[in-house]
2 protein chains.
Amino acid sequence: MTTTDARERLVAAAQELFWAQGVGATSPRQVLAVSGVGQGSLYHHFPTKHDLAAAAVHATTAAGLDAAHRDLDASGSAVERLVRYLERPRPALAGCKVGRLVSDQAVMDDDVLAAEVRAYFRGLVDLAAAVLTEDGLPDDAARDRAHAAVAIVQGGYVLARALDDPDAMTAAARGFVALLDPGPTTPEDA
Amino acid sequence: MTTTDARERLVAAAQELFWAQGVGATSPRQVLAVSGVGQGSLYHHFPTKHDLAAAAVHATTAAGLDAAHRDLDASGSAVERLVRYLERPRPALAGCKVGRLVSDQAVMDDDVLAAEVRAYFRGLVDLAAAVLTEDGLPDDAARDRAHAAVAIVQGGYVLARALDDPDAMTAAARGFVALLDPGPTTPEDA
DNA sequence: GTCTATAAAAGGATAGAC
DNA sequence: GTCTATCCTTTTATAGAC
C-alpha cells in the first residue's frame with residue numbers, strides 16, 4: 001500500500017471501464033478519471049495503452065477462471081457441478097467481462113490480448129469437458145457438450161443484453177439444463 | 001440505379017464495416033473509402049452518423065430475420081426445422097452481424113439501434129418457440145428451449161472467435177442437437 | 001446532389017520540471 | 001514516481017461553392 005497503489009488502481013479502473021464499454025472505446029483519460037491517478041503516473045507504469053490493457057485483461061481472465069474452478073472442481077456429481085456452473089448468478093445485463101472482449105476488434109487485433117482471451121475459453125471448455133468425461137460420456141460427446149455448455153452461458157449473456165431482460169439468460173440455462181437432466185417433466189408427459 | 005445509388009452504396013459499406021469492426025469503431029471516413037462515395041454525398045443522405053447506422057443496422061436485422069424464417073418456416077418436423085436453423089453454415093470467425101452489435105456500447109446506448117437489435121432477437125426467439133410449441137412442448141418449456149437454441153448459436157459464434165476455431169461453433173451446435181434429439185448413440189450405450 | 005475546405009473536440013501519447 | 005503542458009492525429013461534422 002505504498003507507491004504501487006497507483007498501479008493497482010489503474011488496473012482496477014481499466015477492468016471496470018473495459019467491462020462497461022470495451023477496450024477500444026476506453027481512453028487513457030477515462031482511466032485516469034476513474035482511478036483518480038495522475039497522467040504522469042499512468043505513462044510511468046504503463047508506457048502504452050496496450051500495456052495497461054494486457055495487465056487489466058489478464059487480471060480479469062484469471063479471476064474468471066478461478067470462479068469456474070470453484071463451480072466445476074467442487075463436490076457433487078458431474079451433472080450437479082455442471083448445473084452449478086450453468087446456474088451461477090451472473091450480471092446478465094452487464095455482460096461477460098471476458099466474453100464481451102471477443103467482439104472488440106481492438107482486443108482481437110492485439111496478439112497478446114487475443115491469446116489471453118483464447119486461453120480463458122480453452123480453459124473453460126477443457127474444465128467442462130473433464131467433468132463430463134468423468135460422467136462416463138465418450139470423449140467426443142463430452143467435448144461437444146462442454147462447448148454447448150459454455151456457449152449457453154455466453155449466448156445467454158448476449159440474449160439478456162439484447163432483450164434488456166436478465167431472465168432471457170436464466171431461460172436459456174433452464175432450457176439447456178432441462179435437456180441435460182430430464183427430471184420431473186418429461187416431454188412424453190404432454 | 002440513378003442517383004440513389006450513392007445511398008445504397010453507403011449503406012452496404014456501413015453494413016460491411018459494422019460487421020468487421022463494430023459501429024463505434026467505424027468512422028464516416030472509412031465508410032467513404034469503402035463505398036467510394038464522396039463526403040458531400042454522405043452528409044447529404046445521412047446528416048449524422050446515427051442516421052447512417054440506423055439504416056445499415058435495419059438492413060442487417062431484416063436480412064437476418066429473413067434467413068431465420070427460411071429455416072424455421074420450412075417443411076419437416078419441428079425438431080428437423082430447429083436443427084436446420086442450428087446447423088445452418090455460418091461465418092463463425094467473422095461473428096454474427098447482429099450479435100456482435102450487442103457488445104458495442106455505441107449501439108446499445110442509442111435507443112433506435114438498441115430497439116432494432118432487441119426486435120431482431122425477440123423475433124428469433126418467438127419463431128423458435130412457436131416451432132417447439134407445435135412439437136407439443138408446453139409453452140414455458142418451449143420458450144426456455146427456444147432461448148437455449150438462440151443462445152447456442154450466439155455462444156457458438158463467441159467461442160469460435162475466441163478460440164479462433166470455426167469448429168468450436170459446430171461443436172456447440174452438435175452438443176445441443178445431441179441432447180435435443182437422442183439418436184443412434186445414446187449415453188446409455190457406453 | 002456532390003465537392004473541397006475548415007474546425008471543434010477527443011484520442012493517444014511525449015516533454016520536461018519537480 | 002508524479003505533475004502540468006504540449007503535440008499530432010483522427011473523429012465528426014459544418015460551410016459554402018459548383
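Just so it is clear, the structure is predicted and the values come from calculations on it, not from any experiment. Values below: every heavy atom of this structure, side chains too, minus hydrogens, waters and symmetry copies. Below, chain A is the first sequence line, B the second, and so on; all start at residue 1.
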Within [range] or reaching into it, pairs that qualify as side-chain hydrogen bond (donor to acceptor under 3.5 Å, both in side chains) - sequence neighbours excluded:
range	answer
residues 165-179 of chain B	A:D144-B:R174
residues 103-113 of chain B	A:R100-B:Q105, A:S103-B:S103, A:R161-B:Q105, B:H50-B:D110, B:Q105-B:D109
residues 119-138 of chain A	A:R81-A:E134, A:D126-A:R143

- Message: Counting only heavy atoms not in B:K97 (residues, nucleotides, ligands), do more than 12 fall under 6.0 Å from its NZ?
- Response: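 No - once you tally the heavy atoms of other residues, nucleotides and ligands closer than 6.0 Å, there are 12 at most.
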- Message: Looking at D:dT2, I'd like to know if its phosphate oxygens (OP1 or OP2) sit under 4.0 Å from a side-chain N or O belonging to A:H45.
- Response: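 Answer yes for this pair, as a side-chain N or O of A:H45 is under 4.0 Å from OP1 or OP2.
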- Query: Does OP1 or OP2 of D:dC3 have a side-chain N or O of A:S41 closer than 4.0 Å?
  - Reply: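 Checking A:S41 against D:dC3: at least one side-chain N or O falls below 4.0 Å of OP1 or OP2.
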- Task: Tell me which residues in residues 18-34 of chain B put a heavy atom below 4.0 Å from DNA chain D, sorted by number, or none.
- Result: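 B:T26, B:S27, B:P28, B:R29, in order of number.
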- Could you list the residues that satisfy side chain to side chain contact (heavy atoms under 4.5 Å, CB included) with B:A146, not counting sequence neighbours?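 Partners of B:A146 by the side chain to side chain contact (heavy atoms under 4.5 Å, CB included) criterion, ordered by chain and then number, come out as B:V125, B:A128, B:A129, B:L132.
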- Non-neighbouring partners of A:P91 that pass side chain to side chain contact (heavy atoms under 4.5 Å, CB included), sequence neighbours left out: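 Result, side chain to side chain contact (heavy atoms under 4.5 Å, CB included) vs A:P91: A:W19, A:A94, A:Y157.
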Using atom [atom1] of [X] as one end and atom [atom2] of [N] as the other, report the distance to the nearest whole Å.
X	N	atom1	atom2	value
B:K49	C:dA10	NZ	C1'	13 Å
A:Y43	D:dA5	OH	P	17 Å
A:L52	C:dA13	CG	C1'	13 Å
A:Q39	D:dC3	CD	C1'	9 Å
A:D51	C:dT14	CG	C1'	15 Å
B:D5	C:dT2	CG	C1'	14 Å
A:F46	C:dT14	CZ	C1'	18 Å
B:H44	D:dA15	NE2	C1'	16 Å

